[in-house]
Amino acid sequence: QVQVVESGGGWVPPGGSLRLSCAASGTPLDYDAIGWFRRAPGKEREGVSCMSRTDVRKHYADSVKGRFTISRDEVKNMIYLQMNNLEPEDTAVYYCALAEVDVCTYFFREYEYDYWGQGTQVTVSS
């Protein structure tokens, strides 16, 4: 059983930064793609970013390109989302998800992922 736990959310003023973390654990821990999603109040969940363990390319939603960076620490089984220049529109619950195969080409498709965390709240306001 694979478990996914997000952390690092909180409140930040516009223009601020946060780094979200995602801890993956379990046996066997076999996944390829890591995705970040978010659900803003009153909106559907949307894909934010994705990276694969077998492909160097990183994928981002247009709304976060140039501001967010996805990365991972393979040794610690940690995945990160560095968020800079945050905007009120970034306010949402952020979710980490894992997929057993590389799904990053269609990273916005929720059904492509096999394991999900419970989410962490990010609030951007003055």
Side-chain angles (χ1 to χ4, degrees):
Q1 183 72 21
V2 175
Q3 292 184 328
V4 180
V5 180
E6 305 94 337
S7 62
W11 172 86
V12 63
S17 298
L18 280 176
R19 188 179 80 158
L20 303 183
S21 300
C22 174
S25 62
T27 304
L29 189 58
D30 186 15
Y31 64 93
D32 188 293
I34 307 105
W36 283 98
F37 285 76
R38 67 185 182 185
R39 188 196 303 273
K43 296 186 178 181
E44 295 186 352
R45 189 156 55 184
E46 63 174 352
V48 174
S49 183
C50 185
M51 67 179 299
S52 166
R53 299 171 88 177
T54 55
D55 189 338
V56 298
R57 292 175 296 177
K58 298 179 181 180
H59 304 254
Y60 298 95
D62 288 342
S63 59
V64 306
K65 280 181 181 178
R67 301 187 298 121
F68 289 13
T69 302
I70 189 172
S71 63
R72 62 180 172 86
D73 184 325
E74 188 71 18
V75 174
K76 297 180 179 180
N77 279 319
M78 294 292 294
I79 303 97
Y80 304 101
L81 185 68
Q82 178 66 43
M83 306 185 297
N84 297 328
N85 195 20
L86 283 161
E87 304 168 351
E89 294 72 23
D90 296 315
T91 294
V93 178
Y94 283 73
Y95 300 88
C96 178
L98 307 181
E100 294 180 352
V101 297
D102 184 0
V103 301
C104 287
T105 300
Y106 304 103
F107 72 91
F108 45 88
R109 295 179 179 174
E110 295 184 42
Y111 58 81
E112 299 281 6
Y113 295 83
D114 302 291
Y115 310 104
W116 290 82
Q118 294 300 307
T120 185
Q121 175 71 48
V122 172
T123 302
V124 185
S125 71
S126 54

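No experiment lies behind these values; they were computed from the predicted model shown.
With rounding to the nearest 0.5 angstrom, the OG1 atom of Thr69 is 11.0 Å from the CE atom of Met51. For the atom pair CZ (Arg72) and CE (Met78), the distance works out to 13.5 Å, reported to the nearest 0.5 Å. Note that the NZ atom of Lys58 and the OH atom of Tyr60 stand 5.0 Å from one another [nearest 0.5 Å]. Atom SG of Cys104 sits about 7.0 Å away from atom CD1 of Ile70, to the nearest 0.5 Å. Note that the CZ atom of Phe68 and the OG atom of Ser17 stand 9.5 Å from one another [nearest 0.5 Å]. A distance of 11.5 Å separates CG in Leu86 from OG in Ser125, rounded to the nearest 0.5 Å.
A cation-pi geometry, defined here as NZ or CZ lying under 6.0 Å from the six-membered ring centre and within 45° of its normal, holds between Arg45 and Trp116.
Although no hydrogens or angles enter the test, the distance criterion places no donor-acceptor pair under 3.5 Å between the side chain of Glu6 and the main chain of Cys22. Side chain of Arg19 to main chain of Gly8: no donor-acceptor pair is present (N/O by atom type, distance under 3.5 Å, no hydrogens or angles). No donor-acceptor pair closer than 3.5 Å links the side chain of Asp102 to the backbone N or O of Ser52. Within the 3.5 Å criterion, the main-chain N or O of Thr105 finds no donor-acceptor partner in the side chain of Arg109. Between the side chain of Ser49 and the backbone N or O of His59, at least one donor-acceptor pair lies under 3.5 Å.
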Start with the C-alpha distance between Met83 and Leu20, add both sets of side-chain angles, then the distance that settles side-chain contact (heavy atoms from CB on, under 4.5 Å), and finish with yes or no.
CA-CA 8 Å; Met83 306 185 297; Leu20 303 183; 3.7 Å; yes
So Tyr95 and Val4, side-chain contact (heavy atoms from CB on, under 4.5 Å) or not? Walk me through it.
CA-CA 9 Å; Tyr95 300 88; Val4 180; over 6 Å; no
Please assess Leu18 against Tyr94 for the test side-chain contact (heavy atoms from CB on, under 4.5 Å), listing each intermediate value before the final yes or no.
CA-CA 12 Å; Leu18 280 176; Tyr94 283 73; over 6 Å; no
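The nearest pair of heavy atoms linking Gly47 to Ala61 is O-CB, 3.5 Å. Considering all non-hydrogen atoms of both residues, Ala24 and Leu98 come closest at CB-CD1, 3.8 Å. Across all non-hydrogen atoms, the minimal contact from Asn84 to Gln82 is OD1-NE2, 2.8 Å.
Here the options are Val122, Thr91, Val93, Val64, the test is side chain to side chain contact (heavy atoms under 4.5 Å, CB included), and the partner is Arg38; only Val64 passes.
Residues Ile34 and Val48 fall within the same hydrophobic cluster, defined by Ile, Leu, Val, Met, Phe, Trp and Tyr side chains chained together at heavy-atom separations under 4.5 Å.
In this structure, Phe37 and Tyr113 have perpendicular ring planes: the angle between them is above 60°, well past the 30° mark.
More than 12 heavy atoms of other residues, nucleotides or ligands shown are found within 6.0 angstrom of CD on Glu87.
Remark: the Tyr115 side chain and the Gln1 side chain contain no N/O donor-acceptor pair separated by less than 3.5 Å.
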